[in-house]
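Below is one structure, written out as structure tokens; the observations come after it.
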Amino acid sequence: MKELPTRYNPQENEEKIYESWMEENLFHADEKGSGKAYCIVIPPPNITGVLHMGHALNNTIQDILVRWKRMQGHDALWMPGTDHAGIATQNVVERELAKNGLKRRDVGRDNFLKKVWDWKEEYGTTIIRQLKSLGCSCDWDRTRFTMDEGLSNAVKEVFVRLYEEGLIYKGDYIINWCPRCSTALSDEEAEHCDIEGMLYYIKYPVKGSKSIEKENEDYIVVATTRPETMLGDVAVAANPKDKRYSFLKDKTLVLPIVERELKVVFDRDVDPDFGTGALKVTPAHDPVDFELGRKHSLDSINVMHPDGRINSLGGKYEGMDRFECRKAIIKDLKDRNLFIKSEQHLHAVGHCYRCHTVVEPRLSKQWFVKMKPLAKEGIKVVKNGEIKFHPERWTKVYLNWMENIRDWCISRQIWWGHRIPVWYCKDCLKYKDVRDVNITKPGEDGVHVGGEKPEKCSVCGGENLEQDPDVLDTWFSSWLWPFSTLGWPEEGPELDKFYPTDALVTAQEIIFFWVARMIMAGLKFKKDIPFRDVYIHGTVRDATGTKMSKSLGNVIDPLDVIKDVGSDALRFSIISITSQGQDVFLSKDKFDIGRNFANKLWNASRYVLMNVEEKNLTGDIDPADLTLADKWILDQLGRTIEKVDKNLKAYRFNDAAAVLYDFIWHKYCDWYLEISKFSGNKETVHKVLIEVLKVSLKLLHPFMPFITEQIWQSLPVQKEKWIITSPWPIKQKKFDDQESSLEMERAVKIITAVRNVRAFWNIAHTAEIEISLEPKVKKSGKLSEDAAAYVSKLCKCRIIENMSEQDQAKIRKIEVLAEGIKILVGLSEDIVDLEKEKTRVSKKLEDIEKYLTGINNKLKNKKFTENAPADIVDKEKGKQAKWKEERDFLKGNLAALK
RNA sequence: GGGCGCAUAGCUCAGUUGGUUAGAGCGCAUGCUUCACAUGCAUGAGGUCGGAGGUUCGAGUCCCCCUGCGCCCACCA
């Protein structure tokens, strides 16, 4: 038997324990194992990231699930890995280059990629190390990276298949463009937030008018939030029902400054109530306008460079940044008396989710995936319950998005990522630049789609082939994660055993980015759902409710907390305060919960180990030797096992944690340990102490893996070597004992009542008092011998059986009633103040009268007695009897005091 | 414009299908340096469950409306 150090030292021990688990390879899940498979896949953190509280919460939950299932005997696989995060990582490396005054084009594509790989090798595993310090029991030997060869093959395979089915196309569309990152973004990657911007009203003259004086005759007024886009205007649109503009029917307008002629088109999509009802049409720079342009066969004039500067089509504004240009144009319009006014206007503006630059809707040629056919299947499996969201409300959010899904822009004009596996034959294609190729259907001449570069063109035999310069959206590899990490497209025992996985634990932010797409990919390529349950946890916020983010400086770094109080304390705390799917409001003091609990568990264990004698621990517990407290704690232990299982099954982690906290602290420590100090036969008590501790440690292990393992290693009994792989406890029916639990609860209430008297009258804890316990209510009966002994010991009192009138007269007695037992507490005259006692009793009496009135009224109500179920009515009657008893008792007390 | 969430003790929050006197942690008050633990022990105070209405024998819990806060989605030029 090892002795535990006086103080628990997580800083020192957690790392050691983790290493010993790793050495023994205990996180490994055997794909050929005989256990039932249980698999979860990590939401791959991106390689530029560092562990934040969101990760801590997310991964603690997953670790709880996987440890729980592992102990239940499953072959439990937690598949770890990281995500290459194309734009984010490229930005990081570009910043490094910028320190030397270099841009990525200066070093060239191949050199640049080499630098990114170097960066990845050096820094890309930071987050993995941090997950280890959190205690995550991932199967690290299986760690995957989205740019690994295997996963890259999966990406190519998927691209080719989608292309061949006609689900991938390339063409000119308005997409979200980040001028800073200089790439297209998907709709999900543009974060919209409301901005108090300006709506500018500008005069557009009618061609041929001599002056600009009369509105809707000489000129019309258009309203826009982005005046700089007028450089690309090709028309003005109005609603055909809008009479104000019917005069424009055969007219042409003149674009101010640029002096371009603008067509007038009428379209029902134009809202007459917005602005002036006249809409300037810029097909190359606005999605609505783009649609109008297509419908009315208008040209598109793209006036911007990729970096957001105005290009040569912008005339005198060429070279200006878009916002600079906005100012210049407004000034010029004012100078020419073409500017009417500007007003405040709240509207949603897209921002790049990686660099927060304002996104520019921009016409460009990109690759897309047709999503509707994929979404159809994804909707079905959620509607029919094959995949369940927890909490359920996310189902609606998911379905709403899926039902309104739009095509996915998957090409990015960056270098870090999976290069699009398409080669163009420059001889066959008439285009000068391969960027200009449109692809609307599979099998276009001169376009070669496949995993490898073809030797020569299949059409002309030429060898002048050039690969598409773009890379794929990072999520185009992430959406394959549940099966690509298991070896797909190759078949194998891993894929076979662990797919479909069991649960996905993630944050709401990536339901669209990731969850929905994984479902679609799984159904499309594996013909099966990727997971059965999706648990969406809340967002971690600071104490004021703001989302924690590095840029706001309001983060609490999990690593600091781990350094401070240990990973166990961090884990237990964050789980305790996170109820199902609700956001978490975090502040440093919240971690006291876990720290204090770990300390409590440590000290209780220390006490047990110091006191039990090894010789008493052999053999089973003999039910015949059990005292009341033994029976009670074993019964409660069984209930605790059931509750923990029930709550884990329902993804109610905080409830499971609360059940354990209450059992270990308030039942085992507060009562059982205290009673064990004086009651029962040593041999049995030692066995029970250890048995309950053992089971408690196991139940707590998924939540606090380190401390439970460390204490486990010190236990002096026959046991499995490691708690992490020991079998999960099962309730032992033979210890069910409701009767004892009820009797124990009675004793607890009586003890509390007597302690209350002691505290109220300020009796020194060293002073012994005399009490008499007398059953008042027939059915309650006498307190059992054990219970009476607990009362006597824990209240430091001498129990006098059947106190005689004579004895009673000798003392100033305080009478209390608890659990049908009348308690006479003997106190000496000088302690008891008659007035104080009168006040105490009267106050209590008042409260009881209130309850009683309520119950009486209820029972008088015929509707209640006739309609309510019999057991409820009986309960009420029972309450009534109890309160009547208590009231009469107190009345008697009060009378005696007068 | 649609959708969702929250409002319960001084603070932060639980409260599962409606049914004992609505719970926890922190904080507060009082008393304890009792040999596992002051990161502790004991006892206690503190709530007309945001407002109005409805369903029901019975509502913190279900329905409708209102108020305040927060989030998500949408081509509000």
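Each chain gets a letter, A, B and so on, in the order the sequences are listed, and its residues count up from 1. Just so you know, these numbers use all the heavy atoms, side chains as well, and skip hydrogens, waters and symmetry mates. It should be emphasised that the depicted structure is a prediction, and the values quoted were computed from it without experimental measurement.
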query: When all nucleic acid strands are considered with a 4.0 Å heavy-atom cut-off, which category describes A:His285: base, sugar-phosphate, or nothing?
result: nothing

task: Name the closest nucleotide to the A:Arg595 side chain, picking from B:A74, B:U39, B:C71.
output: B:U39

- request: Round to the nearest Å and state the distance from A:Leu609 atom CG to B:C37 atom C1'.
  value: 14 Å

Residue-phosphate contact under 4.0 Å: A:Lys396 side-chain N/O, B:C4 OP1/OP2: yes

- prompt: Which one is paired to B:A22, where only Watson-Crick or G-U wobble pairs with both distances under 3.5 angstrom count?
  reply: none

message: Closest approach to the side chain of A:Gln508, judged atom by atom: which nucleotide of B:C71, B:G19, B:C41 is it?
response: B:C71

query: If we take the C1' atom in both B:G31 and B:A38, what is their distance in whole Å?
result: 14 Å

- request: Please determine, for the side chain of A:Phe585, which listed nucleotide (B:C13, B:G15, B:C37) has the closest atom?
  value: B:C13

message: Nearest whole Å is fine: how far is B:C41 P from A:His765 NE2?
response: 16 Å

message: My understanding is that a pair needs two contacts under 3.5 Å, Watson-Crick or G-U wobble. By that rule, which nucleotide pairs with B:A59?
response: none

message: Checking contacts here: which listed nucleotide (B:G19, B:U21, B:C75) is nearest the side-chain heavy atoms of A:Ile872?
response: B:G19

- prompt: Which whole-number value in Å describes the distance from A:Asp267 CG to B:A77 C1'?
  reply: 13 Å

- prompt: Tell me: CD of A:Glu866 to P of B:G58, nearest whole Å?
  reply: 13 Å

Spacing of the P atoms in B:G70 and B:A52 (rounded, Å): 24 Å

- prompt: What nucleic acid atoms does A:Phe512 come within less than 4.0 Å of, heavy atoms only: base, sugar-phosphate, or nothing?
  reply: sugar-phosphate

- line: Taken to the nearest whole Å, CG/A:Asp269 to C1'/B:C75 is 9 Å

field: Whole-Å P distance, B:A45 and B:A29
entry: 16 Å

statement: Walking RNA chain B from its 5' end, the first of A:Trp883 and A:Asn603 to be reached, judged by nearest nucleotide, is A:Trp883

query: When the P atoms of B:U43 and B:C57 are considered, how many whole Å apart are they?
result: 42 Å

task: Determine the contact category for A:Lys862: base if any of its heavy atoms lies under 4.0 Å from a base atom, sugar-phosphate if only primed atoms, P, OP1 or OP2 are that close, otherwise nothing.
output: nothing

- prompt: Does the side chain of A:His666 get closer than 4.0 angstrom to OP1 or OP2 of B:G25 through an N or O atom?
  reply: yes

message: Distance check, C1' atoms only: B:G25 and B:C64, in whole angstrom units.
response: 36 Å

query: Between A:Asn596 and B:G40, does any side-chain N or O lie under 4.0 Å from OP1 or OP2?
result: yes

field: Distance, C1' atom - from B:C49 to B:U8, rounded to whole angstrom
entry: 4 Å

field: Whole-Å gap separating C1' (B:U55) and CG (A:Asn867)
entry: 14 Å

side-chain N/O A:Arg393 vs B:C4 OP1/OP2, d < 4.0 Å: no

field: Nearest-Å distance for atom pair CG/C1', residues A:Asp583 and B:C6
entry: 10 Å

message: Does A:Arg7 reach a base, just sugar-phosphate, or nothing at all? Heavy atoms under 4.0 Å.
response: base

message: So, OP1 or OP2 of B:C41: does either fall under 4.0 Å of a side-chain N or O from A:Trp671?
response: no

- prompt: Quick one: the side chain of A:Glu674 and the base of B:A42, do they pair up donor-acceptor inside 3.5 Å?
  reply: no

task: Using a 4.0 Å heavy-atom cut-off across all strands, classify A:Asp670 as base, sugar-phosphate, or nothing.
output: sugar-phosphate

A:Tyr535 ring center within less than 6.0 Å of A:His390 ring center: no

query: Taking the side chain of A:Cys669 as its heavy atoms from C-beta onward, which of B:C75, B:C57, B:A36 lies nearest to it?
result: B:A36

query: Between B:G58 and B:G18, how far is it from one P atom to the other, in whole Å?
result: 15 Å

message: What contact category does A:Arg652 fall into here, base, sugar-phosphate, or nothing, at under 4.0 angstrom with non-hydrogen atoms?
response: base

query: Ignoring hydrogens and angles, does a donor from either the side chain of A:Lys677 or the base of B:A36 sit under 3.5 Å from an acceptor on the other?
result: yes

query: Atom CG of A:Asp289 to atom P of B:C75: distance rounded to whole Å?
result: 14 Å

